[in-house]
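See structure below.
Order of listing sets the numbers, starting from 1, for every ligand and every atom in it. A quick note: this is a predicted structure, and the numbers were derived from the prediction, not measured.
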Amino acid sequence: MITNALKGRSLLTLLDYSAEEIRYLLDVSKMVKQERKSGTISQKFIGKTIALIFEKRSTRTRCAFETAFGEEGGHPVLLSTDDIHLGAKESIEDTARVLGRMFDAIQFRGFSQKTVEILAEYSGVPVYNGLTDLFHPTQALADLLTLEEEFGDSRGKTLCFVGDGRNNVARSLIVIGAKMGVNITIVSPEQLFPDQDLVDICNPIASASGSRIVITSDIEAVSGAHAIYTDVWVSMGEESKTDERKALLSPYKVTTELMAKSGDSGTIFLHCLPAVKGMEVSPDVIEGSMSRVWDQAENRKHTIKALMLTTI
Ligand code: CP
Ligand code: NVA
């Protein structure tokens, strides 16, 4: 059942959401996924519009927002920053005010977290962070749903992220894990450890939920992991760092041997995608029986639909 509890809310980072609110979003996600599978049509967005602003490329996030909004009878409008004035001739504040007069909600994918914050402050409609350099909150929702589908309850489970520990995906996993009682282990070279400020904010949240955050460069720390997760070594906008990242991260590639170090044949493999097969993950792992990456990608749509249904 969808209530008015989150109506009008933006999602800029999951730090702004309580464990109960995240739980509610996940429960609605399961409901809308079931409805989709059973062919139930609800059309709750007839006559509504959403602006989808993209400063960076996207396949999953864009398609999740477009199809989820469209399935509910609404009209999504794609706005590439190559085409609109945002950040070029017109300030973010002014663009936000204009879009807020025309649309029921806004999604933003781009570089700066500040941009999505300004859009939320000035538009007066719910704004969703579809990825910034700092956070990827809608991804983390889909990741948790995927964990729950596999293990029932994700509380007390250990998700081990191996790779660029300072990137948007790793940071969002730390936040959602701390809130929802999932142990998060970040395994990365010290140069790519997550920002200590974020870890300091999340440590007491994790203690309260009964989980723990471990940051280490030791690959053996994957021992006991229920899920091993990786992401690209070079995030969008960091292409100039490719050689440096390859040198730092080559010992952290997720291979069959690394998966075996979990000590559990039931350990699943996760990746937010897109993947560079052969770089951060070997083809046999991502194509193998423990890979859940396609479920994870599908779950982007159900979680994003739930977010929009509860907040618009
Ligand atoms: N995982 C994810 O955000 O994918 P896209 O970049 O294709 O949107
Ligand atoms: N860390 C990656 C995630 C892509 C979905 C990036 O920012 O490019």
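Under the 4.0 Å criterion applied to side-chain N and carboxylate O atoms, Asp133 and Lys56 are assigned as salt-bridge partners. Using a cut-off of 4.0 Å between Lys/Arg side-chain N and Asp/Glu carboxylate O, Glu149 and Arg292 are scored as not salt-bridged. A salt bridge does not link Glu150 to Lys157: none of the charged side-chain nitrogens sits closer than 4.0 Å to a carboxylate oxygen. The pair Arg166-Glu238 meets the salt-bridge criterion, since a charged nitrogen lies less than 4.0 angstrom from a carboxylate oxygen.
Within the 4.0 Å heavy-atom criterion, the part of Leu273 lying near ligand 1 is the backbone and not the side chain. The side chain of Leu131, and not its backbone, has at least one atom closer than 4.0 Å to an atom of ligand 2 (non-hydrogen atoms only; side chain from C-beta on).
The option from Arg57, Met236, Gln139 that lies nearest to atom 8 (O) of ligand 2, judged by heavy atoms, is Met236. Of all the listed residues (Ala275, Ser235, Pro274, Gly237), Ser235 holds the heavy atom that lies closest to atom 6 (C) of ligand 2.
Closest to atom 3 (C) of ligand 2 among all protein heavy atoms lies Asp231 OD2, 3.6 Å. In this structure, the protein non-hydrogen atom closest to atom 7 (O) of ligand 2 is Asn168 ND2, 2.9 Å. Protein heavy atom nearest atom 6 (O) of ligand 1, with residue, atom name and distance: Arg109 NH1, 2.8 Å. Nearest to atom 4 (O) of ligand 1 among the protein's heavy atoms is Arg60 NE, 2.9 Å. Of the protein's non-hydrogen atoms, the one nearest atom 2 (C) of ligand 1 is Arg300 NH1, 3.2 Å.
Between Asn129 and the options Gln113, Gln139, Glu117, His136, a side-chain hydrogen bond (donor to acceptor under 3.5 Å, both in side chains) holds for only Gln113. When Leu11, Ile50, Val32 are each tested for a side chain to side chain contact (heavy atoms under 4.5 Å, CB included) with Met308, only one passes: Ile50.
Residue Ser58 has at least one nitrogen or oxygen atom sitting less than 3.5 Å from a nitrogen or oxygen atom of ligand 1, judged on distance alone. At a 3.5 angstrom cut-off on N or O pairs, Leu131 does not count as close to ligand 1. At under 3.5 Å, not a single nitrogen or oxygen of Arg109, backbone or side chain, sits near a nitrogen or oxygen of ligand 2.
In this structure, Arg171 is positioned above the aromatic face of Phe135, its NZ or CZ under 6.0 Å from the six-membered ring centre and within 45° of the axis.
Close approach of ligand 2 to Leu273 (heavy-atom distance below 4.0 Å) involves ligand atoms 5 (C).
Contact annotation: the side chain of Ile176 approaches that of Ile22 to within less than 4.5 Å [non-hydrogen atoms, C-beta and beyond]. With a 4.5 Å cut-off on side-chain heavy atoms, Tyr252 and Leu192 do not count as touching.
The closest approach between Asp133 and ligand 2 stays at or above 4.0 Å for every heavy atom of the residue.
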